[in-house]
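Let me begin by presenting the structure, written as structure tokens, before commenting on it.
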Amino acid sequence: GINAEYMGVGGCTNLKDKDLVSKSDPYVQLKYGFFKKVKTTVLSDNLNPVFNEELVLDNLYHPERRKLKIKVYDSDTIHDDKLGKASIKLRDLVVGPNEFKITVGHRHFKPSICTFTLTPIGWGLGKENTNPSLDYDDDSWDHEENWPENWDEDDVNDDPNEL
């Protein structure tokens with residue numbers, strides 16, 4: 001069958017402010033493997049964006065063995081700044097909608113949280129999952145010396161401008 005995933009991106013709260021003059025211009029990028037990337041529209045001057053968008057990743061190869069990488073960026077003219085990131089182990093998703101509130105970073109010692117709904121099509125566990133595995137990634141992962149020995153190679157060269 002066809003393996004696909006529908007991702008409803010609700011919104012985020014308490015995002016970092018990376019701009020000097022105004023507030024961040026956030027968007028959310030979803031990445032599956034090396035080549036599958038989708039992103040929301042950019043919401044200008046907003047630290048608590050409400051996207052309410054549905055993104056689709058289709059033709060997924062063995063999704064039960066992979067992670068979905070979620071990254072939040074501040075859109076800028078020259079270079080987009082990372083506001084936060086997290087990942088979700090797809091093997092833990094159940095058939096039907098899966099609701100998530102994910103910590104993607106921190107601002108002023110409070111968590112930056114994004115809400116998502118993931119709906120696997122053609123795959124997923126048949127029973128209700130009450131504790132999906134979420135992996136919080138902080139900024140320490142930006143530096144090669146902090147990568148674990150078994151680092152995931154699709155974290156490398158992840159430039160949001162290459163969509």
Original post:
Under the side chain to side chain contact (heavy atoms under 4.5 Å, CB included) criterion, do Ser87 and Leu68 qualify, and how do the steps go?
Top reply: CA-CA 5 Å; Ser87 63; Leu68 177 68; over 6 Å; no
**OP:** Step by step, work out the side chain to side chain contact (heavy atoms under 4.5 Å, CB included) result for Asp76 and Asp74.
**Re:** CA-CA 6 Å; Asp76 287 320; Asp74 172 26; 3.4 Å; yes
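- Within the 4.5 Å cutoff, the side chain of Thr13 has no heavy atoms near those of the Pro111 side chain.
- Side-chain contact of Thr117 with Glu99: a donor-acceptor pair under 3.5 Å is present, judged by distance alone.
- Atom NZ of Lys110 and atom NE2 of His108 lie 9.0 Å apart (nearest 0.5 Å).
- No side-chain heavy atom of Ser112 sits less than 4.5 Å from a side-chain heavy atom of Leu83.
- With rounding to the nearest 0.5 angstrom, the NZ atom of Lys67 is 6.0 Å from the NZ atom of Lys89.
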**OP:** Could you give me the CA-CA distance, side-chain angles and deciding distance for Asp19 and Asp25, then say whether side chain to side chain contact (heavy atoms under 4.5 Å, CB included) is met?
**Re:** CA-CA 8 Å; Asp19 289 346; Asp25 306 313; 3.5 Å; yes
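- Cluster annotation: Ile113 and Ile88 are assigned to distinct hydrophobic clusters (Ile/Leu/Val/Met/Phe/Trp/Tyr, side-chain heavy-atom contacts under 4.5 Å, transitive).
- Side-chain contact between Thr103 and His106: present, with at least one pair of heavy atoms (C-beta onward) separated by less than 4.5 Å.
- Contact annotation: the side chain of Gln29 approaches that of Lys37 to within less than 4.5 Å [non-hydrogen atoms, C-beta and beyond].
- Ring centroids of Tyr73 and Tyr27 are separated by less than 6.0 Å, placing the two rings close together.
- In this structure a side-chain-to-backbone donor-acceptor pair under 3.5 Å is present from Asp17 to Ser24.
- Between Cys114 and Phe100, every side-chain heavy-atom pair lies at or beyond the 4.5 Å cut-off.
- Atom CG in Leu15 sits 8.0 Å away from atom CG in Asn46 (nearest 0.5 Å).
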Subject >> CA sep, side-chain torsions, deciding dist, call: Met7, Ile70, side chain to side chain contact (heavy atoms under 4.5 Å, CB included) >> reply: CA-CA 11 Å; Met7 177 94 167; Ile70 301 165; 3.9 Å; yes
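- Glu54 places no side-chain N or O within 3.5 Å of a backbone atom of Val9 that could act as its donor or acceptor partner.
- Side chain of Asp81 to main chain of Ser75: no donor-acceptor pair is present (N/O by atom type, distance under 3.5 Å, no hydrogens or angles).
- Between the CG atom in Asp58 and the OH atom in Tyr6 there is a gap of 7.5 Å [rounded to 0.5 Å].
- For the pair Pro26 and Phe51, the tightest heavy-atom approach, listed with the atom from each and the gap, is O-CE2, 3.7 Å.
- Heavy atoms of other residues, nucleotides or ligands lying less than 6.0 angstrom from NZ of Lys23 number 12 at most.
- Val28 and Leu47 fall into different hydrophobic clusters, where Ile, Leu, Val, Met, Phe, Trp and Tyr residues are linked whenever their side-chain heavy atoms come under 4.5 Å apart, directly or through other members.
- Between the CZ atom of Arg66 and the NZ atom of Lys69 there is a distance of 8.0 Å, given to the nearest 0.5 Å.
- To the nearest 0.5 angstrom, Arg65 atom CZ is 12.0 Å from Arg91 atom CZ.
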